[in-house]
Amino acid sequence: MVKKILMISFIMILSGCSIQHDSVKEKETQLLQLNQKDVERLEFKQTNKMDTVLESSVEIPQYSDECYFQPLMINNSGIIAGKTYYQKGEEARQVYEKSLVILNTSDYVYTEIVQLDDEKNEDLLNVENDLNGGLMAVSDDSVLYYTSAPMKETKKTVVTYYVFDIKESTTIKIHEEKIHNADLVIPGGIISDDAIYYVGATAMNNGIYQYDMKDHKETKIVDGTMSRYLCKVDDELYYVYGEPEKSIVGLDVYSLKTKKIDHLIKENHSKSNMIISKILVEGSDLFIICDLSANDSIIYQMSTKTKEIVPLFKTSYVSSVSMFHGMLTWASGSTIPQRARLQQYIYDYKNKEDYFFDGGFLIGSESGICWQKYLVPEKDIGKGQSFMPENSALLYKPYS
């Protein structure tokens, strides 16, 4: 049932419009096939302990006595970006967003990017689905984020994208949309050199935009209905798109040099029972995460140079997939007795080794690993309270 709901949600995000490429040329190439047959299921042996990798981790100081910090992203310079929350009502234990912040692991100093607390910022009111602000990407120099605020006496929401300069602590606005509340989706983007690439915040023909940081100019480079996941390798931009009226979810690559589009994959999910849910990149390899209707997922590896694609493994349905330092990590059903939350799985795909981790949250980059250590039995922690300081500690393990 959970799987069916997730498939429907993804289709809804890609609803409303067929793919269009009015401003670019499409190049017809032989489509790549996502083989589902005889894909080896990954069996976790759990002989390697992540505790060994995480030895000598440093505990991250608490944000404040009133607020706690939840990490979401980490860049290759050791900057951790996330949200802060505060609790209102001791008995109700209600938790509210306060701000987007970054933490520099060189001195463990927090810097607030933007305040989301509706009691202190009249322009940022709480909206449904917790879409009053979020992170989209973080690089060594910048943070890409969005805010959303409902317009008074209308059913529309103003969604605005910003770029925060980490060194200068300055912010510029790069994109704004007025969207009907029912069409609002969580946007995504990437930061690359002197340009920012991102998708729109509406489910109806959101498209892909480029913002030139030198000229401060925004250009819509691809039309169509896109998922929020983008990857860039050299001068190529990879993205997942949908043609809902044809039950198609596919993968394209857009050349930033020639302005041409290559169709790489087209999957009819009504026939294959497969949906491309996310793409990741490490080096020159693209990793394609596909969800199956039978509560399974398959992860494929594709060389962006040769366009050769091979299945890595099949496993139980995965969520919150990320990659760092040759490691694939994701959340899935727990194998730990009496655990209520999803378990974090860690797999070294190059050496084909898995690592057992009984903590909570874990993210990483080329700089190090940020992770969550439970201080009390996980089963005793209430919903939405796992990052509270009495329940867990945050630690950082730098790569030497």
Side-chain angles (χ1 to χ4, degrees), residues 2-4 6-11 13-14 19 26-45 224-227 229-233 236-244 246-254 261-323 326-333 345-354:
V2 173
K3 183 61 182 173
K4 290 182 179 178
L6 287 168
M7 288 181 67
I8 293 170
S9 299
F10 188 80
I11 294 169
I13 290 176
L14 294 176
I19 199 78
E26 296 183 48
K27 181 181 177 182
E28 293 297 333
T29 58
Q30 185 176 357
L31 294 174
L32 302 175
Q33 301 299 314
L34 294 175
N35 177 34
Q36 297 186 42
K37 295 182 180 179
D38 303 321
V39 179
E40 183 178 355
R41 178 173 288 277
L42 180 63
E43 299 294 339
F44 271 76
K45 301 176 183 178
T225 301
M226 314 295 174
S227 89
Y229 298 109
L230 304 173
C231 291
K232 182 176 177 290
V233 181
E236 293 183 329
L237 192 64
Y238 293 82
Y239 60 90
V240 179
Y241 73 91
E243 296 182 52
K246 298 179 182 179
S247 298
I248 295 293
V249 176
L251 175 69
D252 278 0
V253 56
Y254 171 79
I261 290 173
D262 280 357
H263 300 304
L264 299 180
I265 297 172
K266 277 190 177 182
E267 281 291 324
N268 187 318
H269 56 76
S270 64
K271 295 180 180 179
S272 67
N273 292 320
M274 176 185 283
I275 287 178
I276 302 173
S277 61
K278 189 172 183 179
I279 53 176
L280 301 166
V281 66
E282 183 170 80
S284 61
D285 287 341
L286 195 72
F287 294 82
I288 306 167
I289 291 84
C290 295
D291 298 336
L292 308 178
S293 60
N295 293 326
D296 280 336
S297 296
I298 298 178
I299 298 181
Y300 298 87
Q301 182 177 1
M302 186 190 84
S303 168
T304 60
K305 296 185 182 298
T306 65
K307 300 300 187 286
E308 179 184 3
I309 183 169
V310 295
L312 283 181
F313 56 84
K314 179 189 290 186
T315 187
S316 299
Y317 173 75
V318 303
S319 65
S320 303
V321 189
S322 64
M323 173 172 282
M327 300 280 195
L328 275 164
T329 71
W330 64 89
S332 190
Y345 292 83
I346 303 163
Y347 182 67
D348 180 340
Y349 72 93
K350 293 181 180 178
N351 298 310
K352 296 184 178 181
E353 294 184 341
D354 63 89

Measuring only between side-chain heavy atoms, which start at C-beta, is [X] closer than 4.5 Å to [Y]?
X	Y	result
His263	Ile261	yes
Ile265	Ile309	yes
Ile299	Leu42	no

Worksheet item: side chain to side chain contact (heavy atoms under 4.5 Å, CB included) with Lys246: which residues, sequence neighbours excluded?
Response: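 So Lys246 forms a side chain to side chain contact (heavy atoms under 4.5 Å, CB included) with Glu243, Ile248.
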Worksheet item: Who are the side chain to side chain contact (heavy atoms under 4.5 Å, CB included) partners of Asn351, not counting sequence neighbours?
Response: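 Here the qualifying residues are Asp348, Glu353.
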Worksheet item: With sequence neighbours left out, what residues match Glu236 under salt bridge (charged side-chain N to carboxylate O under 4.0 Å, His left out)?
Response: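 Here the qualifying residues are Lys307.
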Whether [X] side chain and [Y] backbone form a donor-acceptor pair below 3.5 Å:
X	Y	result
Ser277	Ile289	yes
Asp262	Leu264	no
Lys305	Ser284	no
Asp354	Lys45	yes

Restricting to side chain to side chain donor-acceptor pair (under 3.5 Å), what partner residues turn up for [X], sequence neighbours left out?
X	answer
Ser322	Thr329
Ser332	none
Ser272	Glu267
Ser303	Thr306

Worksheet item: Considering the options Leu31, Leu34, Leu286, which one meets the side-chain contact (heavy atoms from CB on, under 4.5 Å) requirement together with Leu251?
Response: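 Looking at Leu31, Leu34, Leu286, the match for Leu251 under the side-chain contact (heavy atoms from CB on, under 4.5 Å) is Leu286.
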Discussion item. Tyr347: which residues meet the ring pair (Phe, Tyr, Trp, His ring centres under 6.0 Å) condition with it, sequence neighbours left out?
Written reply: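 With neighbours one apart ignored, the set is Phe313.
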Discussion item. Tell me every residue that passes ring pair (Phe, Tyr, Trp, His ring centres under 6.0 Å) with Tyr349, counting only those two or more places apart in sequence or in another chain.
Written reply: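 Partners of Tyr349 under the ring pair (Phe, Tyr, Trp, His ring centres under 6.0 Å) test: Phe287.
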